[in-house]
Structures are given as C-alpha cells and as structure tokens.
Amino acid sequence: MRKRTWMGIMLAVAVLAAMGFLYATGRNNVILEVDGEGEAGKALCVSVRTAQSENRVFFWQDGQQEEGGEETKGYFFLPSCVGHHKIRLGDTGESSVRIDGRLYQEGETFTWEENRTYGFQITDASYDSHTYEIAFMKSANIPAMFIDTASGSLDYLHEDKEHEETGRICVLQADGATEYQDELPRISGRGNSTWEYEKKPYALKLKEDQPLCGLRKSDRWRLLALWNEGSRLGDKIAMDLARELGLSYSTQGTWVDLYLNGEYRGIYLLTESVTVGEGRVDIYDIEKRNRQKNISIETGTVSSYEEEGSKGFLLENGSETDGGYLIEKDHPKHWEAEENGFQTARGDLFTINAPRHASREQVAYIQNHVDEIDSLVQSGDPAVWEKLDLTSFAKRFLVDEIALEVDTGTTSMYFYKDKGDEKLYSGPAWDYDRAFGEDGRDSYYVNYGETIVNNNERLQIAINWYQKLYETPELYQCIAKEYAGVLPFFEKLLRTGIDRYAQQIGASVAMDDARWESVRVSGDALLRYANYDASVNYTKFFLANRLNCLCARWNVPHEAFAAPASGEVHLVTFSVYEGVVETVEVPDGELLSYTPDYDGGVYQGWAYRRNREPYSGYIPVYEDMELYNSRWE
C-alpha cells in the first residue's frame, strides 16, 4: 500500500514537472508562417505563442533594395517575452522556405543569431521566388502591447487624429505572462504637433478600468511616441520628478513595445491620461452630473454654442457650477479645434477638459474665476495666493524650469479646481518631449543656464503668470525650499537611475532606431546623436549642468553635479560643399567651443550634419560629429 502511494506521488510530481516544462517552453514559442495570399511585406510573419495568447509579428521591410536586384531587406522585431533564438517552421501553405540555401520542412527549427542577416527564399506553387535579406532583433525587459484594429489597416486611423477604430488588445509582460487581453472599444490618434510625425501617438479606451504594466487602473490610456527624445527618457524623468515633488495627481508612465496589426511601431511610453476620475485627477465629477440631468448628452443630440471668448454646450439643466474643473492653457490652433473653452480678458485661451460637456453657466463660472485670478496676478496683489494654490504652483514651476520645457505657458499647462474649494491648483505636469535640452532648433533651450520664467516674451501666446509671480517672496521662498528638498532624488537619478532606465530600454531603443532610421533620414528628422549611449550621456550632461546653475541661482548649497566624461577623444569634422575644411579633436563630454571662420555672404552658418540643428556652444561631444556649412542658393 505504502509503495503504491509513493509511486502515485512520484507520478504526480512527474506530471507536474512535465506540465511546468511544457509551459516554460511553450509559452514563448515562435512559429514562422508564410501567407501565399498576403500583401507585400505581410507574406512572412512569426506567431508568438504564450500559454494564454497568440500574437503575430510581420516581417518589416525598409524599402531598400540592392541596386539592380530584387532582394528585400528587413527585420523581424520580436518582443521581450521571446526567451530564446529558436524559430520553428509552421504552416507555409504550398510554399517552400530556404534559409541561407538550406530547405526547411514544417516542424524544423531554425536558430538565429544577433548582428547578422539571413537569406530567405520563398518559392510558391507556381515556382515564383521572392528573396529576403532578414535580420532578427529582440527587445528585453519591457512589456509588449499588441493591438489589432477591426479593419486590419492603419490607413483610416492615420488620416485624422479624430478617427477612431475598435479592435482587440493584448498586453504581454516581459516574462510572457498575459496581463490583459480583451476587445478594445477605441483607439484613436492624439497629440498636437506630435501627431504630424511619422511615428504617431495614440489614445486608448478600454472596456473597463484596468491597471496596466504597474500603473494605476483606468479605462483611458495614452501612448507617447517619444519621437523627439534621443534618450527616450525626458517624459519619464519629468513624471518621476513631479511625483517626487508630491505634485498631486501626477501622471505616471512605463515603456512598452507597440505592435499594431502585427506591425512593430517602436518603443512607446504608456501613460496614465490627464482626466477626471479615481486614480487620475480625483475631483468632483461635474460631467457625471451633467449626463444624469441631460439625456441629450447620452443620445448625442446635445447642441453646442460658440461666441466671442466662450464655447460649450447648451444644456437644459446646466446650472450647477460649483464642481470639479480641469482646464488647460492652450495654443490658439489647438483651442480652435476644441468644443469647450474660454478666453480671458487679457486674451489667454483655456480649453475645458472637464466637464466634457460644459454648460454656458459652467463655462462662465470657470472663466470668471480664472479672470479674477489673472487680475490679481497682473496687479501683484498678494491676495492671489488665496485663489491660486502656492505649493502646487511652485512644484509645477520646478518641473517646467528644471526641464527647460519649450512649450511652457503655451499649451499642455493644466490647472484644476474642486467643488467647495476657491483655489485653482496647478497640475498635473504633462508633455515634456522637447525638454531637457532635446530641442536644438533654438539654441536658447539647450542653454542649461536659461529660464522659462520669461517664456511669454519669447512666445507671445504664452501666459505670463510665471514672470509676474516669480519674484514674489512667497513663491520664491517656496521654490527654493522645494528645490532643495528634491536634490537627493537627482543625486540618485544621476548616479544610477538614468543608467538603469537606459539599460532597461536599450534593446527596445535599438529596434526603434532600426525601424525608423530610414524614415528619419528621408524626413530630415534624425536625432542629434547617432549612438544611443551618447544621447543618454547628453541627458545626464544637461541635467547636471542645469542643476548646478539652479543651485547657484537660488542659493542652495550643494556639491557640484558631475557630467559624464569617459576620457576618450572624438573627431569633429567641419565641411562645406567643396570638401573638408578642418578636423579637431575634442575630449569626451567637452563642449565644442571653436568653429572655423566663414564668409557669411557665401555660407549660411555651421550646423550639425546629422540633424541640421544650428551649432550651439552648449552641445557636448560624446561621439565623432560633423558640422556642415551650406552655401546660400
């Protein structure tokens, strides 16, 4: 009896072990498939199969071909959950598959290596052959998000950012666990200037509130494309800073690899949305009351109105004005496209994000409230701090100032007011894709010693509240105190945090660069540095020097922050149409303080050859670089 019992236990253990092995090996199987009827570029795909889901990744081709040949170059961009380099040949229909000349049969396994390409030859039943030169790249450490639209295409979605599609969504953790999969009620475009880039940002609406990738639960999410960020760290650092400062309702984000209809779209920052609700801007939801009292909102028959300086909705029952308001200082172009908003007496434009359907009475209420605050700001009346929350204003200022945010005061500048509270609060902080010295179109914003206090003088559409209030004793003291308190955060960030983030996303960034490099070249949208490590070093360089300048400005004693320098020497080349003018050696991390003289009547001025930014004495050298001086046409 004892023997049978013991054998039974051993058998159960063996079964469990076998199941565990099958799960471990089967949860990230990669199957190569051939669709003989597939459109160009979608005939080849791999199926990533985990224990709970199956998602396809299509071969991506960069459009380049060998001169005079028919060989198509491209990549398979694989998610982090693929735990090995083995690919099993699956269903190929009536086609045969040769890899580097060897014929593979269904069920056979091919092992790929990094940093090399393979020749694939696909021959169909009619003996037509297609040759592909394929490299394999794999992400690491970050989740993957797969979204399949109902149409199976991105054409309609990309025609206009207001266009929406339904579909399905699957989120895979880096270890292959399926965190979430369900129908997707809505995917649409988002952003303003960022929507104009080839790599689009998106907005998602889930069926219900759901936590994703360690972020707080919600049904509304944003996918930031990070197109302008060489290090892909700016938005994340700004969000971390806002949270460290204790700025209420600060949004958080984490990186994901995004696949749309099986096409790899790159590394994105999945973020919480700036909206009213639990876990977001948690204030009284006056929109909910509007919907309860006005059936026309639900039926879609509600009428809107627009008059000089004010626009919103004509609600039968919209007299409740003391509620929660989320407003955004907006750009005129963006404001025109919104349905809710107002203009202050001085001409500043605000979009009303919540309530979504603001009545005439509600628009007038928040408009008058902001006008009252603005009047106090312009007159320098200390009573302004009875209407405008001092602490949140100081904290939001610090995020903008440390980041040297280009758009400060023009757009994406949020404020909120809650029911029963007369104060207007600043935040959440949002939109830092051109911050931390990433925008070199104007040398002002790469100069780590500058300020956004007077942004309204540089950009006429920027609100002037920072300029008017900056030197008031209350705000100045609060800024210096909060700044001193956040310096330990930056000590850790510069010591280990940025490197940890860069290591986390490095493999994904490499795939993103491979995916978008040819598009950036053709569109003159190349990043400043060719090497990702150089971009990361620049982020650390800018932050270290920025913090040193602010410590001196606000008289906050602190040991100087050090910028990275490896001791290497880089070659900087100066050239014109006629050829190379001069080459100089510059130590790693040093500024390029010298440029050759030139005839301004013939040449336009030195610019970085890679991305055509004008030369700046505030850009350090972290790799070999070339500057080019174009002739006037």
Side-chain angles (χ1 to χ4, degrees), residues 160-164 185-192 195 203-205 218-220 222 249 273-278 280-374 411-422 424-425 428 430 463:
D160 191 295
K161 74 172 182 179
E162 302 301 326
H163 286 181
E164 303 173 357
R186 184 173 73 234
I187 176 174
S188 63
R190 64 156 306 277
N192 294 311
W195 177 251
L204 307 178
K205 172 72 167 62
S218 178
D219 63 344
R220 298 175 187 272
R222 301 292 181 264
Y249 311 129
S273 58
V274 180
T275 187
V276 170
E278 183 181 353
R280 297 298 187 261
V281 181
D282 199 356
I283 58 178
Y284 181 81
D285 192 350
I286 199 172
E287 172 69 10
K288 186 180 295 185
R289 295 287 292 166
N290 283 351
R291 288 180 176 273
Q292 291 170 350
K293 293 180 177 181
N294 298 272
I295 189 65
S296 60
I297 297 178
E298 295 298 335
T299 60
T301 58
V302 63
S303 298
S304 61
Y305 80 91
E306 183 170 354
E307 54 196 29
E308 188 175 356
S310 173
K311 56 183 175 178
F313 291 85
L314 298 172
L315 304 184
E316 304 92 334
N317 299 291
S319 60
E320 182 180 1
T321 56
D322 184 16
Y325 292 86
L326 176 63
I327 62 175
E328 174 191 1
K329 168 63 187 69
D330 219 342
H331 189 286
K333 180 181 176 182
H334 310 154
W335 187 86
E336 288 294 332
E338 300 293 342
E339 296 179 297
N340 286 328
F342 61 88
Q343 184 177 41
T344 66
R346 294 187 60 256
D348 291 312
L349 297 172
F350 284 83
T351 293
I352 302 175
N353 294 80
R356 171 68 180 79
H357 296 87
S359 68
R360 187 189 295 272
E361 296 92 334
Q362 290 161 355
V363 173
Y365 172 82
I366 191 64
Q367 181 179 23
N368 291 335
H369 193 76
V370 173
D371 265 330
E372 184 180 354
I373 292 172
D374 189 55
T411 188
S412 300
M413 191 174 191
Y414 287 94
F415 298 87
Y416 63 90
K417 180 192 178 300
D418 204 356
K419 181 181 176 69
D421 190 342
E422 284 298 299
L424 188 69
Y425 293 80
W430 180 256
I463 196 168

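For the single chain, residues carry numbers from 1 onward in sequence order.
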So how far is it from Ile283 CD1 to Lys417 NZ, rounded to the nearest 0.5 Å? 9.0 Å
Non-hydrogen atoms of Leu315 and Asn294 that approach each other most closely: CB-OD1, 3.5 Å
salt_bridge(Lys205, Glu164) N-O dist < 4.0 Å: no
Rounded at 0.5 Å granularity, tell me how far CG in Asp322 sits from NE2 in His369. 10.0 Å
If you look at every heavy atom in Ala203 and Gly189, which pair is closest and at what distance? CB-O, 4.3 Å
For Tyr416 and Tyr249, what are the C-alpha separation, side-chain angles and deciding distance, and is it a side chain to side chain contact (heavy atoms under 4.5 Å, CB included)? CA-CA 10 Å; Tyr416 63 90; Tyr249 311 129; 3.6 Å; yes
For the atom pair CZ (Arg280) and OG (Ser218), what is the distance rounded to the nearest 0.5 Å? 4.0 Å
Is the shortest heavy-atom distance from the side chain of Phe350 to the side chain of Ile463 under 4.5 Å? yes
Heavy-atom pair with the smallest gap, counting every atom of Pro428 and Leu326: CD-CD1, 4.4 Å
Just wondering, are more than 12 heavy atoms of other shown residues or ligands nearer than 6.0 Å to NZ in Lys419? yes
Spacing of CG belonging to Leu424 relative to CD1 belonging to Ile373, to within rounding of 0.5 Å: 4.5 Å
Using 0.5 Å steps for rounding, measure from the CG atom of Asn317 to the CG atom of Asn290. 9.0 Å
Using only atom types and a distance under 3.5 Å, with no angle test, would you say the side chain of Glu361 pairs donor to acceptor with the backbone of Glu320? no
Can you name the side-chain contact (heavy atoms from CB on, under 4.5 Å) partners of Glu298, sequence neighbours left out? Arg291, Ile295
Restricting to non-hydrogen atoms, name the atom on Gly318 and the atom on Ser359 that form the minimum distance, rounded to 0.1 Å. O-OG, 2.6 Å
For Arg186 versus Arg220, what's the shortest heavy-atom pair and its separation? NH2-NH1, 3.2 Å
With rounding to the nearest 0.5 angstrom, report the OG to CZ distance, Ser319 to Arg360. 14.0 Å
For Tyr284, all residues meeting ring pair (Phe, Tyr, Trp, His ring centres under 6.0 Å), sequence neighbours excluded: none
Are any of the side-chain heavy atoms of Asn353 and Tyr414 separated by less than 4.5 Å? yes
Checking Asp348 now: which residues fulfil salt bridge (charged side-chain N to carboxylate O under 4.0 Å, His left out) with it, not counting sequence neighbours? Arg346
State whether a side-chain donor-acceptor pair under 3.5 Å links Thr275 with Ser273. no
Mind checking what makes side-chain contact (heavy atoms from CB on, under 4.5 Å) contact with Ser412, not counting sequence neighbours? Glu328, Trp430, Asp431
Suppose we screen for salt bridge (charged side-chain N to carboxylate O under 4.0 Å, His left out). Which residues come up paired with Glu316, at least two apart in sequence or across chains? none
Can you name the residues that form a side-chain hydrogen bond (donor to acceptor under 3.5 Å, both in side chains) with Lys161, not counting sequence neighbours? Asn192
Has the side chain of Asp418 got a donor or acceptor atom that lies under 3.5 Å from a matching backbone atom of Asp421? no
side-chain hydrogen bond (donor to acceptor under 3.5 Å, both in side chains) partners for Asp371, two or more places apart: none
Ring pair (Phe, Tyr, Trp, His ring centres under 6.0 Å) partners of residues 301-331, not counting sequence neighbours, each pair once: Phe313-His357, Tyr325-Tyr365, His331-His334
Residues in side-chain contact (heavy atoms from CB on, under 4.5 Å) with Pro185, at least two apart? Lys207
How far apart are the closest heavy atoms of Ile286 and Gln362, and which atoms are they? CD1-NE2, 3.4 Å
What residues form a side-chain contact (heavy atoms from CB on, under 4.5 Å) with Ile352, not counting sequence neighbours? Ile327, Asn340, Phe342, Pro355, Ala358, Val363, Ile366
What pairs with Arg190 under salt bridge (charged side-chain N to carboxylate O under 4.0 Å, His left out), at least two apart in sequence or on another chain? none
Apply salt bridge (charged side-chain N to carboxylate O under 4.0 Å, His left out) to Glu372 and list each qualifying residue two or more places apart in sequence or on a separate chain. Lys387
